[in-house]
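First up is the structure itself, then whatever we jot down about it.
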Amino acid sequence: MERLQVNAKSRSYEIVIDFGLLMHIAAYIKEIYAGQRIFIITDTNVEKLYAEKIVESLLAAGYEVEVHVVAAGEQSKSLLTLEQLYYAMYTAKLTRSDLIMALGGGVIGDLAGYAAATYLRGMLFVQIPTTLLAQIDSSIGGKVAVNLSVGKNLVGNFYQPIAVLSDTACLQSLPERVFNDGMGELIKYGCIWDAKMLDQIEDFAQDRTNMKILQLLIKRCCEIKAEIVVQDELDKGIRMLLNFGHTLGHAIEKTFNYETYTHGEAIAIGMCMITQISEAYGLTEVGAASRIEKLCRCFNLPSSLQKKILLTVISNIQGDKKTLGNNVNFVLLEQLGKAILYPVALDDLEIFLLGGAEKLGKNKH
Ligand code: GLY
């Protein structure tokens with residue numbers, strides 16, 4: 001078992017990581033919550049796998065429990081689902097001293113977290129992430145949000161949970177593509193902060209049943225995220241480094257209407273392409289891009305886009321002027337394990353990205 005502390009300014013809390021943690025969930029809840037009532041928010045997939053056992057164990061420990069289930073998938077991060085959730089919370093007569101439990105992946109964490117942040121002007125909530133991506137990234141640090149039809153995460157808040165309880169046994173039931181989606185984010189941590197992690201990821205790629213390495217990697221991601229969030233909870237500086245691969249990645253997801261690539265796949269392309277380009281400009285140590293590409297390939301993550309699609313992606317980023325302002329903050333690697341912010345004027349974006357891609361073409365010949 002691993003226990004880490006996140007000492008954010010707005011709230012300090014613990015991340016607990018353990019294989020089989022859900023079997024003892026009531027004991028963990030007792031440590032952090034003195035109340036009686038727990039409102040579980042989950043989705044149709046996770047409900048089938050874990051809800052019954054969790055409810056049983058909480059009831060046996062004397063809690064009153066209610067479960068609210070939303071459809072699995074990104075479409076549930078909507079204002080409509082949020083409104084239905086608020087009404088369910090109202091019907092359940094929740095008060096500010098009751099606990100919201102977000103049981104699921106990133107969508108559930110974001111939706112339930114935003115509901116907890118806003119209903120009755122803020123309720124206690126605990127994150128129980130069940131996907132790799134949620135365990136290493138989205139459940140930690142308090143970013144909660146829902147989408148608008150014009151863009152993702154446009155309505156949200158920074159609202160910290162009272163604990164993050166991660167059961168690594170849940171990862172064994174993930175479909176391979178969903179697991180690999182999380183590996184995209186996991187590779188990101190090694191790239192921006194700790195190059196030694198990349199060796200461990202290579203070891204894990206050789207033996208994907210090795211839960212010991214996986215748990216160490218998850219712990220390291222959580223440590224890094226906690227360190228960054230403590231320094232910059234509101235995402236105005238160093239926290240932006242967590243967006244390595246995301247500027248292109250988000251635009252790639254949007255270009256394909258969130259249907260073709262998972263988040264982790266899109267940021268894998270983003271990490272590989274931006275690093276190829278920054279290497280071509282001499283901003284990144286040579287060899288970084290090919291190492292990232294190789295790692296991505298181990299987990300079936302894509303690494304490139306055709307030029308005509310890149311052009312559409314660029315024009316989609318430029319079309320986001322309303323939310324981006326005049327500059328795009330790229331995260332570049334000086335070397336593996338060391339990232340910097342690199343602002344590019346929106347008007348120069350095409351020259352920057354295509355210029356890098358062209359240089360790369362020349363360098364390759
Ligand atoms: N997922 C990036 C962040 O929490 O800042």
Side-chain angles (χ1 to χ4, degrees), residues 151-152 184-185 187-193 195 198 235-258 260-297 301-365:
K152 277 176 82 165
E185 288 282 2
I187 292 168
K188 173 197 81 179
Y189 281 98
C191 292
I192 63 163
W193 207 262
L198 303 176
D235 204 12
K236 292 187 190 308
I238 197 171
R239 186 165 179 169
M240 286 191 246
L241 297 183
L242 292 167
N243 282 340
F244 175 52
H246 283 58
T247 310
L248 287 175
H250 283 150
I252 293 166
E253 285 181 273
K254 194 168 174 182
T255 302
F256 288 93
N257 214 13
Y258 301 97
T260 307
Y261 296 110
T262 65
H263 177 70
E265 287 167 354
I267 67 151
I269 298 175
M271 293 190 292
C272 293
M273 290 192 77
I274 200 65
T275 307
Q276 280 173 3
I277 290 166
S278 62
E279 240 184 69
Y281 282 119
L283 298 166
T284 300
E285 72 175 343
V286 174
S290 68
R291 179 125 193 243
I292 303 171
E293 259 176 70
K294 223 163 128 193
L295 279 165
C296 288
R297 256 202 313 278
L301 295 164
S303 57
S304 62
L305 283 182
Q306 288 169 351
K307 184 174 170 189
K308 78 169 192 278
I309 296 173
L310 180 61
L311 283 168
T312 315
V313 169
I314 292 170
S315 77
N316 279 340
I317 298 176
Q318 285 168 327
D320 258 350
K321 209 175 169 102
K322 275 202 193 77
T323 48
L324 286 174
N326 294 326
N327 285 316
V328 194
N329 266 320
F330 280 100
V331 179
L332 305 185
L333 303 179
E334 282 182 349
Q335 58 190 60
L336 288 168
K338 183 159 185 356
I340 52 161
L341 287 177
Y342 192 86
V344 175
L346 216 48
D347 294 339
D348 298 339
L349 189 65
E350 190 169 324
I351 295 173
F352 174 70
L353 293 174
L354 290 185
E358 265 162 37
K359 260 177 185 290
L360 197 67
K362 284 195 192 106
N363 291 348
K364 272 189 174 165
H365 290 111

Under the side-chain contact (heavy atoms from CB on, under 4.5 Å) criterion, do L311 and L354 qualify, and how do the steps go? CA-CA 9 Å; L311 283 168; L354 290 185; 3.5 Å; yes
Determine whether a donor-acceptor pair (N or O, by modelled atom type, separation under 3.5 Å) exists between the side chain of [X] and the backbone of [Y].
X: K188; Y: F244; result: no
X: Q335; Y: T284; result: no
X: T312; Y: K308; result: yes
X: S303; Y: E293; result: no
X: E334; Y: E285; result: no

Between Y258 and K152, does the side-chain contact (heavy atoms from CB on, under 4.5 Å) criterion hold? Intermediate values first, please. CA-CA 10 Å; Y258 301 97; K152 277 176 82 165; 2.9 Å; yes
H246 and E253 side chains, donor-acceptor separation under 3.5 Å: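 Not at all, the side chains of E253 and H246 share no donor-acceptor pair under 3.5 Å.
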Considering non-hydrogen atoms only, spot the tightest contact between [X] and [Y] and give its length.
X: L353; Y: I277; result: O-CD1, 3.6 Å
X: A288; Y: T275; result: CB-CG2, 4.0 Å
X: Y281; Y: G355; result: OH-C, 3.4 Å
X: A345; Y: N327; result: CA-OD1, 3.2 Å
X: G237; Y: L341; result: O-CD1, 4.1 Å
X: L333; Y: L336; result: CD1-CD2, 4.0 Å

[atom1] of [X] to [atom2] of [Y]: how many Å apart, nearest 0.5 Å?
X: I274; Y: L332; atom1: CD1; atom2: CG; result: 5.5 Å
X: C191; Y: L198; atom1: SG; atom2: CG; result: 5.5 Å
X: M273; Y: I252; atom1: CE; atom2: CD1; result: 7.0 Å
X: E279; Y: S290; atom1: CD; atom2: OG; result: 6.5 Å
X: I351; Y: I314; atom1: CD1; atom2: CD1; result: 10.5 Å
X: L242; Y: D235; atom1: CG; atom2: CG; result: 8.0 Å

Less than 4.5 Å apart, side chain to side chain, heavy atoms only: is that true for V328 and L346?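 They are in contact (side-chain heavy atoms under 4.5 Å apart), so the answer is yes.
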Do N329 and N243 come close enough that some side-chain heavy atom pair is under 4.5 Å?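 When only atoms from C-beta onward are counted, N243 and N329 do not touch, as no gap falls below 4.5 Å.
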Decide yes or no on side-chain contact (heavy atoms from CB on, under 4.5 Å) for Y261 and L301, but give the supporting numbers first. CA-CA 10 Å; Y261 296 110; L301 295 164; over 6 Å; no
Between F352 and F330, what is the ring plane arrangement, given parallel below 30°, perpendicular above 60°, and tilted in between?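 Answer is tilted, since the angle falls between 30° and 60°.
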Run S304 and C272 through side-chain contact (heavy atoms from CB on, under 4.5 Å) and show every step you take. CA-CA 7 Å; S304 62; C272 293; over 6 Å; no
